[in-house]
There are 2 protein chains.
Amino acid sequence: MTARTPDSARDIPEATVARLPVYLRALTGLAESGTTTCSSEELAATAGVNSAKLRKDLSYLGSYGTRGVGYDVEYLRYQIAREIGVTQDWPVVIVGIGNLGHALANYSGFRSRGFRVVALLDADPDRHEEVVAGLDVRSFEDLESIVADNAVSIGVIATPAVAAQSVADRMVAAGITSILNFAPTVLSVPDGVDVRKVDLSIELQILAYHEQRKSVAPGAEVVS
Amino acid sequence: MTARTPDSARDIPEATVARLPVYLRALTGLAESGTTTCSSEELAATAGVNSAKLRKDLSYLGSYGTRGVGYDVEYLRYQIAREIGVTQDWPVVIVGIGNLGHALANYSGFRSRGFRVVALLDADPDRHEEVVAGLDVRSFEDLESIVADNAVSIGVIATPAVAAQSVADRMVAAGITSILNFAPTVLSVPDGVDVRKVDLSIELQILAYHEQRKSVAPGAEVVS
DNA sequence: AGGAGTTTGTGAACGGGAGAACAAAACGAG
DNA sequence: CTCGTTTTGTTCTCCCGTTCACAAACTCCT
Ligand SMILES: NC(=O)c1ccc[n+]([C@@H]2O[C@H](COP(=O)([O-])OP(=O)(O)OC[C@H]3O[C@@H](n4cnc5c(N)ncnc54)[C@H](O)[C@@H]3O)[C@@H](O)[C@H]2O)c1
Ligand SMILES: NC(=O)c1ccc[n+]([C@@H]2O[C@H](COP(=O)([O-])OP(=O)(O)OC[C@H]3O[C@@H](n4cnc5c(N)ncnc54)[C@H](O)[C@@H]3O)[C@@H](O)[C@H]2O)c1
């Protein structure tokens, strides 16, 4: 019987943290369709996970359900949002406004999920005349002042791979402590800085591996 | 002593499969910089993983190193590429040529890693006049014939979330067995079809969670 | 040829996550 | 108030993945 600190039941497993946003999305969907209460079974189906896993995940946050009834959609949604930290708005800077940077800047889904793009930066002076998604593309040299003025702690790297490490170094020096990296490179950053990478080529290669094996052995597998 | 089938040492752990593309990228980098031989330590550092893990991963493919020496960069690169299946070219279709679809279509990294975009499809007739990255944007109705004519088995979904499931259903019916999904929805597909999802909002939310906790407890953590 | 030095490949210990199963709690009917 | 039904929260077990540590294998030097 661990005396559970009721206010801050800390250290949520990483695997659970990665699923909380999925639950949040599912709950938002349920709320929009008018559902006010749902069981772990329903929510699990909507989120595409096992219901036991869902319940265990939620138990790390606290006891927000009612036995025999289920969960209040709106209440649980708020609790998860609070736990993740998306009840507040997070300012974000995007560096590298090329093909991908444009798409990211124009994406409305970030805003609706608690993130606000405060600046678009690019090293190429030709880009600086452009206005993307209502924001001026500014010089990369402005990074430090923008980070300081807007209390930015999250940065997105969408530059070519060769530039990524130097951009990351500069971000870290400017005070950014979380980086989402789209460039296909391993970034090295000091302790205390989180890096997550998104590599589309790797995803395709994983699919190709399984695809190749389907041709010989029909052992099918669904990776979600 | 499991009699290791030398030609097909099958069932590589999923976690290893996900890292093989990283090793491949690291090896390509080493090869380009003129390195012909490397130790597991060097390669692990380049790929950003533990060297013991790297060696164990490679051991699933076979014994391609030489004790006391290391690995032949070019030889190992080929072996990994063959194992993943990227020695051949994989035809790919992209559905939903909006912000993200444009970026994907223009991305040269796919081509250089064994993937060839054979068609860009969109439901919006206004898009059909467009030429992106040297390809006509074609009607979604052409899906079946394109898949059949080009033996496409991999599809990319970059449509809004509401359309994603119906696009996936249509892809599966047309014969596609691997899907990379960018829409923030859970797709349900029959057994035998692989789905991988890329959700940028989830990545940001995971960063936000850790960021939020940094403010209170300085227990830093690097997630790569 | 033999020994010293390197580096691989793998056995074994460890930790974390997934899922089954169940006891505890809430609710409603009678 | 009591019993039956529903559903949560949690315990327990199993499996996968990570990491350590070391014997086996190879090279080079003397
Ligand atoms: N486009 C895609 O769909 C896609 C897919 C997967 C991965 N990626 C990766 O994302 C990254 C960006 O891709 P892209 O297609 O947008 O490339 P891009 O060449 O279109 O854009 C890169 C932008 O970064 C800017 N830049 C270069 N060096 C910079 C620096 N030091 N500081 C600031 N800005 C700098 C360039 O001026 C350019 O505008 C690449 O690393 C690419 O490998 C892209
Ligand atoms: N843009 C981004 O950076 C970004 C980031 C994260 C996630 N996403 C997700 O990626 C998806 C695409 O984003 P986007 O910004 O490119 O959206 P978008 O609206 O710019 O483009 C969507 C395209 O899909 C087409 N489409 C709609 N229904 C279709 C159907 N049934 N069949 C074929 N085509 C159809 C539309 O005509 C449009 O061209 C969305 O689900 C979005 O949530 C985008």
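Convention: sequence-line order gives letters A, B, ...; per-chain numbering from 1.
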May I ask you to check whether A/Tyr64 and A/Tyr75 place their ring centres under 6.0 Å from each other?
yes

Find the distance A/Glu42:CD to D/dT6:C1' and express it as a whole number of Å.
13 Å

May I ask you to verify if any side-chain N or O of B/Ser63 is less than 4.0 angstrom from the OP1 or OP2 atom of C/dG9?
yes

Rounded to whole angstroms, how far apart are OH on A/Tyr60 and P on D/dT8?
17 Å

Acceptor/donor pairs from residues 108-119 of chain B side chains to any protein atom, 3.5 angstrom cut, sequence neighbours excluded:
unit_1: B/Ser112; atom_1: OG; unit_2: B/Gly109; atom_2: O; d: 3.1
unit_1: B/Arg113; atom_1: NH1; unit_2: B/Gly109; atom_2: O; d: 3.2

Base contacts versus sugar-phosphate-only contacts with protein, heavy atoms under 4.0 Å: please encode nucleotides 20-30 of chain D as B, S and - from 5' to 3'.
BB--BBBS---

Measure the distance from CG on B/Leu61 to C1' on C/dT8 and round it to the nearest whole Å.
14 Å

Let me know the distance between CD of A/Glu14 and P of D/dC16, rounded to the nearest Å.
22 Å

List the atom pairs, with distances to 0.1 Å, where a side-chain N or O of residues 174-190 of chain A and a protein N or O form a donor-acceptor pair under 3.5 Å, not counting sequence neighbours.
unit_1: A/Thr177; atom_1: OG1; unit_2: B/Glu211; atom_2: OE1; d: 3.1
unit_1: A/Thr177; atom_1: OG1; unit_2: B/Glu211; atom_2: OE2; d: 2.5
unit_1: A/Ser178; atom_1: OG; unit_2: B/Glu211; atom_2: OE1; d: 2.4
unit_1: A/Asn181; atom_1: OD1; unit_2: A/Ala183; atom_2: N; d: 3.0
unit_1: A/Asn181; atom_1: ND2; unit_2: A/Ala183; atom_2: O; d: 3.1
unit_1: A/Asn181; atom_1: ND2; unit_2: A/Thr185; atom_2: O; d: 3.2
unit_1: A/Thr185; atom_1: OG1; unit_2: A/Ala161; atom_2: O; d: 3.4

Distance check needed: D/dG17 P versus B/Leu54 CG, whole Å only.
16 Å

What salt bridge (Lys or Arg N to Asp or Glu O under 4.0 Å) pairs are there with at least one residue in residues 151-163 of chain A, not counting sequence neighbours?
none

To the nearest angstrom, how far is B/Asp57 atom CG from D/dG17 atom P?
10 Å

Under 4.0 angstrom between B/Tyr64 side-chain N/O and C/dT7 OP1 or OP2:
no

Within residues 19-33 of chain B: residues closer than 4.0 Å to DNA chain C (heavy atoms):
none

Please give, in whole Å, the distance from D/dC16 C1' to B/Lys53 NZ?
13 Å

Flag the pair A/Val95 / A/Thr159 as yes when at least one side-chain heavy-atom distance between them is below 4.5 Å, and no otherwise.
yes

With sequence neighbours left out, write down each residue that passes salt bridge (charged side-chain N to carboxylate O under 4.0 Å, His left out) with B/Glu41, or none if nothing qualifies.
none

For residues 163-178 of chain A, pull every pair meeting salt bridge (Lys or Arg N to Asp or Glu O under 4.0 Å), keeping only residues two or more places apart or in separate chains.
A/Glu141-A/Arg170, A/Glu144-A/Arg170

Please collect all salt bridge (Lys or Arg N to Asp or Glu O under 4.0 Å) contacts where either partner lies in residues 150-161 of chain B, sequence neighbours excluded, each pair once.
none

A/Asp72 atom CG is separated from D/dT8 atom C1', nearest whole Å, by 15 Å

In short, salt bridge (Lys or Arg N to Asp or Glu O under 4.0 Å) pairs touching residues 71-80 of chain B with sequence neighbours left out are B/Glu74-B/Arg77

